[in-house]
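Below is one structure, written out as structure tokens; the observations come after it.
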Amino acid sequence: MAKDGFLTAKAIGNRIKAKGLQKLRWYCQICEKQCRDENGFKCHCASESHQRKILLVAESPEKYVNDYSAEFLKDFMKLLSTRYGTRRVNANLVYQEFIADRTHLHMNATKWATLSEFTMHLGKEGLAIVDETPKGWFMQWIDNSPKTLARQEAIAKKERMELDDEQREQRLIQQQIDKALALKQQQDEADGVTTELVRENEEEKIKLDISIKPVGLTGGLGGGGIKLGGGGLLKPKSLNALAAKKTNPFSSKSASTPSATTVSGNGAAASAVTSSAPTKKRSPVEEIMEREMAKKKRLEELNNSSSGRSATQQPEPEKERSRDSSRDDRDRDHRSSHDSRDIRDTRDREREHDRERDRDYRSSRDDRDDRDRDYRSSRDSRDDRDRDYRSSRDDRDRESYRSSRDSRDDRDRGREYGSSSRDSRSDRDHRDRERDRDSSYRDRGRD
Ligand SMILES: [Zn+2]
């Protein structure tokens with residue numbers, strides 16, 4: 001029983017002796033048995049069980065070696081990947097850790113005779129990046145797991161897409177730049193005819209038509225080129241068309257009109273000023289400007305006519321008209337101010353109304369509060385009255401009870417004296433009953 005027990009002296013001794021690393025060449029992988037010395041190994045090889053297993057292996061040694069090799073490789077790679085990841089590490093260090101496990105598959109059973117051979121095999125199979133240094137072989141695991149590959153693929157795809165986006169953007173910007181350049185060239189060609197500043201008579205003033213050209217044909221494309229979409233490119237074209245239609249501001253015709261001087265922010269307003277051009281939609285500002293111009297023109301004509309012809313020929317109607325127009329203006333101003341006053345009045349009235357409603361509400365609330373207070377006080381007084389009534393009633397009850405009791409006692413006493421102890425027990429019972437009734441009545445009265 002104790003012969004092959006775990007705690008026998010012999011078993012313990014064997015375990016102590018078997019501690020630590022022992023020689024690889026006295027290890028039998030087939031029997032998974034480590035022998036401690038030459039003699040022990042020889043004895044093991046001569047043993048019957050070992051002989052039987054050797055015979056089995058001898059039938060197909062290739063198969064056994066390949067199986068052992070595959071297992072060794074698998075275990076080794078597992079250690080390398082989990083312990084070191086994709087770091088570069090000394091092969092011998094990994095091997096030391098590998099054989100630290102006593103039950104590891106020993107290398108002498110594999111097809112690799114040495115660690116260097118095994119390391120080179122890893123490099124050849126593409127399982128690790130290996131390189132030889134004076135300090136020995138180094139290896140670096142290559143992560144080929146499907147998960148990692150998928151992740152890498154996703155990252156690569158994303159990068160590719162970003163690159164595509166950038167290229168597309170660049171192409172778009174380049175196209176816009178090309179278009180804008182072509183447009184500018186056209187415009188330059190159209191504006192190519194320059195005229196001299198010629199004054200026909202001395203009294204005329206020189207008027208400049210300064211209209212700011214839309215910026216950003218080329219300058220605006222630098223940074224935020226993408227934001228300047230198709231619409232941004234179409235706008236200059238239409239402006240260009242308007243500019244081509246515009247009359248030359250320095251010609252005599254337009255110089256005689258006193259309205260050519262406009263400095264305006266946008267080209268549309270400038271086009272509206274040249275009144276010959278048909279305008280579809282006019283903003284209020286443009287309308288006002290036009291009216292002003294007409295007025296000025298009239299004044300100018302008036303002056304011209306008065307200076308040209310006899311001085312007092314026809315100033316009256318002109319003046320009348322101008323006065324009319326000015327009166328109209330005043331009327332309109334007055335009317336608009338009147339309108340605004342009306343609006344203000346109605347608003348004031350509304351506000352007043354609101355205020356009144358507020359006041360009403362507040363006063364009604366106050367009233368309600370007063371009523372509440374009155375009710376409460378009246379309730380209190382009623383309570384007082386109740387209490388008074390109750391106490392008075394109690395007093396009355398008590399008085400009447402006391403007097404009745406006294407008279408009864410007197411009667412009893414008299415009866416006792418008259419008939420000495422006759423039927424005294426029944427009498428006492430009767431008295432007790434009466435007293436009980438009295439007490440119950442008293443209780444009821446208190447309630
Ligand atoms: Zn063996």
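Counting starts at 1 for both ligands and their atoms, in listed order.
Here the two rings, on Phe76 and Phe118, have centers that are under 6.0 Å apart.
Residue Cys45 does not count as close to the Zn ion (ligand 1), with no N, O or S atom under 2.8 Å.
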* Show your working on side-chain contact (heavy atoms from CB on, under 4.5 Å) between Glu162 and Glu166 and close with a plain yes or no. => CA-CA 6 Å; Glu162 272 171 8; Glu166 210 167 299; 5.9 Å; no
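Cys28 contributes SG and Cys31 contributes SG; the angle these two atoms make at the Zn ion (ligand 1) is 110°, rounded to 10°.
Here Asp75 does not pair with Lys78 in a salt bridge; the nearest charged N to carboxylate O distance is not below 4.0 Å. A salt bridge links Arg168 with Asp165: the closest approach of a Lys/Arg side-chain nitrogen to an acidic carboxylate oxygen falls below 4.0 angstrom.
Within His50, the N/O/S atom positioned nearest the Zn ion (ligand 1) carries the name ND1. When you scan the N, O or S atoms of His44 for the one nearest the Zn ion (ligand 1), you land on NE2.
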